[in-house]
Trainee: 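The structure is given below, and queries will be raised subsequently.
For clarity, every value in this text was computed on a predicted model and none was experimentally measured.
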Amino acid sequence: MTAPFLSVVIPAYNEEARLEECLHRVSEYLRGRHLSFECVVVDDGSTDRTAAIAGSVGEAAPQFRLLRNESNRGKGFAVRRGMLEAAGRYVLLTDTDLSTPIEEIEKLELYVVDGPYQLAIGSRDLAGSRVEVQQSAVRENSGKLFNWFVRRLLKLPFRDTQCGFKLFTAQAAREIFSRVRTEHFSFDVESLLIGRLLGYEIKEVPVVWRHDAGSKVRFFADGTRMILDLLRIWGTWLTGGYRAVRTSAS
């Protein structure tokens with residue numbers, strides 16, 4: 001079978017209220033552009049009707065696939081699974097809430113499909129970014145502080161690693177996520193670090209973003225885990241634990 005042009009990987013945990021609308025919007029947009037595509041929904045052990053909704057959509061349209069984790073492993077684990085099972089020539093990661101509208105993919109395509117980059121990441125913190133619905137001041141400032149630590153500890157140049165809207169070539173997606181081990185929200189940081197170590201060209205692109213009040217991120221519990229995961233990633237990098245990434249890529 002011919003690979004679709006695009007795979008859209010959507011991690012989902014207890015998303016019965018938003019998933020159907022998300023899939024409808026993604027499908028309507030991509031069909032309107034006459035692109036061949038698939039949507040890969042990774043249900044991360046949901047306890048609501050998330051899997052049933054994704055399954056019913058998949059029965060009606062073969063472009064929709066459902067992958068189910070038996071238990072809630074974390075967003076990083078779900079994304080890794082979706083990325084490694086995606087069949088498209090390009091792979092888009094997006095969140096169920098579509099905080100970055102699906103139409104913004106065209107901005108990323110300019111660099112990955114039409115340009116020399118293997119990965120483009122949406123950013124809320126560049127000139128040209130447009131945040132239409134703000135997070136609370138506490139969440140926004142905490143995010144900026146987290147990214148400050150990312151830049152200082154890992155020497156990554158990006159101003160926003162955590163925006164859930166990223167476009168990969170198929171090769172970059174496979175090569176990066178076969179090496180990612182972080183199962184929770186700091187997986188973005190590890191994936192970008194590994195991408196840089198593999199020598200991939202990464203472009204940070206300003207996008208539109210709208211905070212969704214239904215976010216599944218728990219400020220204190222997940223924030224603490226993110227810091228601990230960041231320190232683990234930093235320690236692994238500092239002690240040469242990612243050296244094999246460069247070796248295997250050479």
Trainee: Using salt bridge (charged side-chain N to carboxylate O under 4.0 Å, His left out) as the criterion, point out the one residue from Asp44, Asp229, Asp95 that pairs with Lys75.
Mentor: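 Answer to the salt bridge (charged side-chain N to carboxylate O under 4.0 Å, His left out) test with Lys75 among Asp44, Asp229, Asp95: Asp95.
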
Trainee: Identify the heavy atoms of Val8 and Leu30 that sit nearest to each other, and give their distance.
Mentor: CG2-CD1, 3.9 Å

Trainee: Between the main-chain N or O of Arg181 and the side-chain N or O of Glu190, is there a donor-acceptor pair closer than 3.5 Å?
Mentor: yes

Trainee: When rounded to the nearest 0.5 angstrom, what distance separates CD in Gln162 from CG in Asp125?
Mentor: 12.5 Å

Trainee: Does the side chain of Thr47 reach to within under 4.5 Å of the side chain of Asn14, using non-hydrogen atoms?
Mentor: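 Yes, at least one pair of side-chain atoms sits under 4.5 Å.
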
Trainee: Between Glu21 and Arg18, does the salt bridge (Lys or Arg N to Asp or Glu O under 4.0 Å) criterion hold? Intermediate values first, please.
Mentor: CA-CA 6 Å; Glu21 174 64 17; Arg18 301 186 291 191; over 6 Å; no

Trainee: Applying side chain to side chain contact (heavy atoms under 4.5 Å, CB included) to Val41 and Phe64, what does each step give before you reach the verdict?
Mentor: CA-CA 8 Å; Val41 178; Phe64 294 88; 5.5 Å; no

Trainee: Enter the distance from Leu19:CG to Leu66:CG here, rounded to the nearest 0.5 Å.
Mentor: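 Reported value, rounded in 0.5 Å steps: 9.0 Å.
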
Trainee: I want to check something: taking the side chain as every heavy atom from C-beta on, are Ile194 and Tyr200 in contact at a cut-off of under 4.5 Å?
Mentor: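 A side-chain contact under 4.5 Å is absent here.
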
Trainee: Please determine whether side chain to side chain contact (heavy atoms under 4.5 Å, CB included) holds for the pair His211 and Arg124, giving the CA-CA distance in whole Å, both sets of side-chain angles, and the decisive distance to 0.1 Å.
Mentor: CA-CA 11 Å; His211 175 64; Arg124 300 161 289 188; over 6 Å; no

Trainee: Show your reasoning for whether side chain to side chain contact (heavy atoms under 4.5 Å, CB included) applies to Arg25 and Leu98.
Mentor: CA-CA 9 Å; Arg25 285 176 57 189; Leu98 293 179; 3.7 Å; yes

Trainee: Can you give me the closest heavy-atom contact between Ser191 and Ile176, atom names plus distance?
Mentor: O-CG2, 3.5 Å

Trainee: Counting distance only, does the side-chain N/O of Arg80 pair as donor-acceptor with the main-chain N or O of Phe177 below 3.5 Å?
Mentor: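 Flag set: sc Arg80 to bb Phe177 pair under 3.5 Å.
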
Trainee: Can you name the one residue among Val79, Val40, Thr96 that meets side chain to side chain contact (heavy atoms under 4.5 Å, CB included) with Ile10?
Mentor: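 Going through Val79, Val40, Thr96 one by one, the side chain to side chain contact (heavy atoms under 4.5 Å, CB included) with Ile10 is satisfied by Thr96 alone.
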
Trainee: Got a donor-acceptor contact below 3.5 angstrom from the Asn141 side chain to the Ala137 backbone?
Mentor: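 Flag set: sc Asn141 to bb Ala137 pair under 3.5 Å.
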
Trainee: Check for me, please, whether Leu108 and Leu6 land in the same ILVMFWY cluster - side-chain distances under 4.5 Å, paths through other members count.
Mentor: yes

Trainee: Would Lys203 and Glu201 pass as an ion pair if we require N to O under 4.0 Å?
Mentor: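 Not counted as a salt bridge, because no side-chain N and carboxylate O are separated by less than 4.0 Å.
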
Trainee: Answer yes or no: is there a donor N or O on one side and an acceptor on the other, between the side chain of Arg65 and the main chain of Glu85, under 3.5 Å?
Mentor: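 Yes; judged by distance alone, with no hydrogens or angles, the pair exists.
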
Trainee: With sequence neighbours excluded, what pairs up with Phe149 under the ring pair (Phe, Tyr, Trp, His ring centres under 6.0 Å) test?
Mentor: none

Trainee: Would one find more than 12 heavy atoms of other residues, nucleotides or ligands at under 6.0 Å from atom CZ of Arg49?
Mentor: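 Counting neighbours around CZ of Arg49, 12 or fewer heavy atoms of other residues, nucleotides or ligands fall under 6.0 Å, so no.
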
Trainee: Please answer whether the main-chain N or O of His24 pairs with a side-chain N or O of Ser27 as donor and acceptor at a distance below 3.5 Å.
Mentor: no

Trainee: Any sub-3.5 Å donor-acceptor pair from Thr239's side-chain atoms to Gly235's backbone N or O?
Mentor: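 Side chain of Thr239 to backbone of Gly235, a donor-acceptor pair under 3.5 Å: yes, one is there.
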
Trainee: Shared ILVMFWY cluster between Ile53 and Tyr13, side chains joined below 4.5 angstrom?
Mentor: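 Shared cluster, no.
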
Trainee: Rounded to the nearest 0.5 Å, how far does CG of Leu119 lie from CG of Leu198?
Mentor: 11.0 Å

Trainee: Provide the closest heavy-atom pair for Ala12 versus Ser46 in the form atom of the first, atom of the second, distance.
Mentor: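 Taking Ala12 first and Ser46 second, the nearest heavy atoms are O-OG, 3.7 Å.
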
Trainee: Short question: side chain of Arg33, backbone of Tyr29 - any donor-acceptor pair under 3.5 Å?
Mentor: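 Checked: no pair found.
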
Trainee: Indicate yes or no for a side-chain donor-acceptor contact from Ser123 to the backbone of Pro206 under 3.5 Å, with no hydrogens or angles considered.
Mentor: no

Trainee: Could you grab the distance from atom OG1 of Thr182 to atom CE of Met226, nearest 0.5 Å is fine?
Mentor: 10.5 Å

Trainee: Could you check whether any side-chain N or O of Glu104 sits under 3.5 Å from a backbone N or O of Val208, counting only pairs where one atom can act as donor and the other as acceptor?
Mentor: yes

Trainee: Pair up each side-chain donor or acceptor in residues 164-174 with any protein partner under 3.5 Å, not counting sequence neighbours, and list the distances.
Mentor:
from, atom 1, to, atom 2, distance (Å)
Lys166, NZ, Thr161, O, 3.0
Lys166, NZ, Cys163, O, 2.6
Lys166, NZ, Asp188, OD1, 2.8
Thr169, OG1, Ala172, N, 3.2

Trainee: Can you get from Leu153 to Phe187 by hopping between Ile, Leu, Val, Met, Phe, Trp and Tyr side chains that sit under 4.5 Å apart?
Mentor: yes

Trainee: Answer with yes or no whether the hydrophobic clustering places Val131 together with Leu126; edges join I, L, V, M, F, W, Y residues whose side-chain heavy atoms lie under 4.5 Å apart.
Mentor: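 Different clusters.
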
Trainee: Are more than 12 heavy atoms from other residues, nucleotides or ligands located less than 6.0 Å from atom CD of Glu20?
Mentor: no

Trainee: Would Leu84 and Ser178 count as a side chain to side chain contact (heavy atoms under 4.5 Å, CB included) here? Give the steps.
Mentor: CA-CA 7 Å; Leu84 294 180; Ser178 63; 4.2 Å; yes

Trainee: Of all heavy-atom pairs between Ala87 and Ala3, which one has the smallest distance, and what is that distance?
Mentor: O-CB, 3.3 Å

Trainee: Would you find a donor on one side and an acceptor on the other, under 3.5 Å apart, between the side chain of Gln118 and the backbone of Val112?
Mentor: no

Trainee: Using every non-hydrogen atom in the two residues, find where Pro11 and Leu93 come nearest and quote the distance to one decimal.
Mentor: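 Smallest heavy-atom distance, with atoms named: CD-CD1, 3.9 Å.
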
Trainee: What heavy-atom pair brings Glu38 and Pro4 nearest, and what distance separates the two atoms?
Mentor: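 Here Glu38 and Pro4 meet closest at CG-CG, 4.2 Å.
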
Trainee: Treating Ile, Leu, Val, Met, Phe, Trp and Tyr as nodes and any side-chain heavy-atom pair under 4.5 angstrom as an edge, say whether Met83 and Phe37 lie in one connected cluster.
Mentor: no

Trainee: Output, in order, the C-alpha distance, side-chain angles, deciding distance and verdict of salt bridge (Lys or Arg N to Asp or Glu O under 4.0 Å) for Glu132 and Arg130.
Mentor: CA-CA 6 Å; Glu132 296 184 342; Arg130 192 166 82 244; 2.8 Å; yes

Trainee: What distance separates Lys144 NZ from Arg159 CZ, expressed to the nearest 0.5 Å?
Mentor: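 Reported value, rounded in 0.5 Å steps: 7.0 Å.
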
Trainee: Atom CG of Leu238 and atom CG of Leu231: how far apart are they, to the nearest 0.5 Å?
Mentor: 11.5 Å

Trainee: Could you work out, with ring pair (Phe, Tyr, Trp, His ring centres under 6.0 Å) as the rule, every residue matching Tyr117, not counting sequence neighbours?
Mentor: Tyr111

